[in-house]
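Here's the structure, in structure tokens; my notes come after.
In each ligand, atom 1 is the first atom listed, and ligand 1 is the first ligand listed. What you see is a predicted model, and the numbers here were worked out from it, not measured in a lab.
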Amino acid sequence: MSIPFIDLKTQYNALKEDIQKRINKVLESGAFINGPEVLELEKKLAEHTGSKYALACASGTDALLMPMMALGIGQGHEVITTAFSFIATAETIVLAGAKPIFCDIDPKTFNIDTTKIEALITPKTKAIMPVSLYGQVADMDEINAIAKKHNLYVIEDLAQSYGAKYKGKRSGALSIAAGTSFYPAKPLGCYGDGGAVFTSDDNLYKAMKEIREHGSESRYYHTRLGINGRLDTIQCAVLLSKMDRYDWEIEQRQKIAHYFNSKLSQIKIAGFSVPFVQSDRDSVWAQYTLMVPNRADFQKKMQELGVPTVVHYPRTMPDQPWYKENLAPKGTWPHSQKAADHVVSLPMYPDMDRATQDKIIDSVIKVMS
Ligand SMILES: *Cc1c(COP(=O)(O)O)cnc(C)c1O
């Protein structure tokens, strides 16, 4: 039997009765948009992150776009972000009308290298958008300090780190605004597209709420440019059910990742490394990502042993065709390029049993020796 890369089925079976009950309730009510589950979920998300407000929205992409629209980030502005992330990070900056300025990463954590941010600041810079990649929060204190000094906004992309802790606080509650994704494969996922945006700022909350609803202050009265950014009630019902299990799931992911680390860190081969998490934070392990010297060979051999692997991500964002052609980004991002060439993620999900974990570990050891 081959191992799945992500197993959502076991999770569904564990929650099946509750999820079906909640979905049926929405079906019976007919309140498919803005039903009571939306507010219930938002309250729960806000409490869980320690943010004053959470707004459920249609995707992680919208969750990053809406705070930029609300903060007036657009034409003529620059937003500094990492060079190494899923493309939605840079895409939302362009969609807002601004220009992404790419910063290289710290090769140990794969998150933005804060020592390289200040050199990229210009009079046009409006914001910094760090990504908490693979589940580990970026260096938010350093980023917030730079932002404060230069009067910039910080918007954390926590699409991969929902629930992660940083110096006792949660991802999403560490900056003026932050956006996450509930795409099914994310640590906390729904059964379709979804996302949420977080803030503790009253005015920003009000603005983003209006933007989510076509920029309307009241019905058919549009004071802003907005989008249809709502999250369906059914998806909120699914998330309410999944949240009951989420803290346990984070613990399981952490246990599995630590077990992987304890065994795989014994491999001493140049160019091979296990993930590194800084001591003042944890990771929710959206991905368990290795660096390997010969990736194509590694993936092929792992597949032969029945272990699927995935590359997150094979190209840096400034190296993506559309971005190269239309933005002609200047600079070099050597650590991001090295990551794009050598990272590979192993299967990771909270319901993975010990036998499967051992099979994955044994396969990596076999392939690397
Ligand atoms: C998934 C992801 C997004 C986009 O989320 P969607 O819900 O797919 O729109 C943004 N940033 C990062 C880092 C992601 O992993």
> Looking at A88, which atoms of ligand 1 are within less than 4.0 Å of one of its heavy atoms?
Replying inline: 3 (C), 4 (C), 10 (C)
>> Show the atoms of ligand 1 that are less than 4.0 angstrom away from any heavy atom in S181.
In response: 5 (O), 6 (P), 7 (O)
>> Show me which atoms of ligand 1 lie under 4.0 Å from any heavy atom of S85.
In response: 13 (C)
> Atoms of ligand 1 less than 4.0 Å from G60 heavy atoms?
Replying inline: 5 (O), 6 (P), 7 (O), 9 (O)
>> Hydrogens and angles aside, do T356 and D353 bring a side-chain donor and acceptor to less than 3.5 Å of each other?
In response: yes
>> Does only the side chain of S59 get under 4.0 Å from ligand 1, or the backbone, or both, or neither? Count heavy atoms.
In response: both
>> Below a 4.0 angstrom heavy-atom separation, can you tell me which part of T61, side chain or backbone, both or neither, approaches ligand 1?
In response: both
> Can a non-hydrogen atom of G195 be found less than 4.0 Å from any atom of ligand 1?
Replying inline: no
>> Hydrogens and angles aside, do E156 and S171 bring a side-chain donor and acceptor to less than 3.5 Å of each other?
In response: yes
> Just checking, K186 and F86: is the charged tip under 6.0 Å from the six-membered ring centre and within 45° of the axis?
Replying inline: yes
>> Test of understanding: with salt bridge (Lys or Arg N to Asp or Glu O under 4.0 Å), list the residues that count as partners of K206, not counting sequence neighbours.
In response: E210
>> Let me confirm one number: the OG-CD distance from S283 to Q254, rounded to the nearest 0.5 Å.
In response: 7.0 Å
> At a 4.0 Å threshold, what atoms of ligand 1 neighbour a non-hydrogen atom of K186?
Replying inline: 1 (C), 2 (C), 3 (C), 14 (C), 15 (O)
> Taking only heavy atoms of V131, which atoms of ligand 1 are found under 4.0 Å from at least one of them?
Replying inline: 13 (C)
>> Just to verify, which of K52, K209, R212 counts as forming a salt bridge (Lys or Arg N to Asp or Glu O under 4.0 Å) with E42?
In response: R212
> What is the nearest protein non-hydrogen atom to atom 11 (N) of ligand 1, stated with its residue, atom name and distance?
Replying inline: D157 OD2, 2.7 Å
> Counting both backbone and side chain atoms, is some N or O of Q160 under 3.5 Å from an N or O of ligand 1?
Replying inline: yes
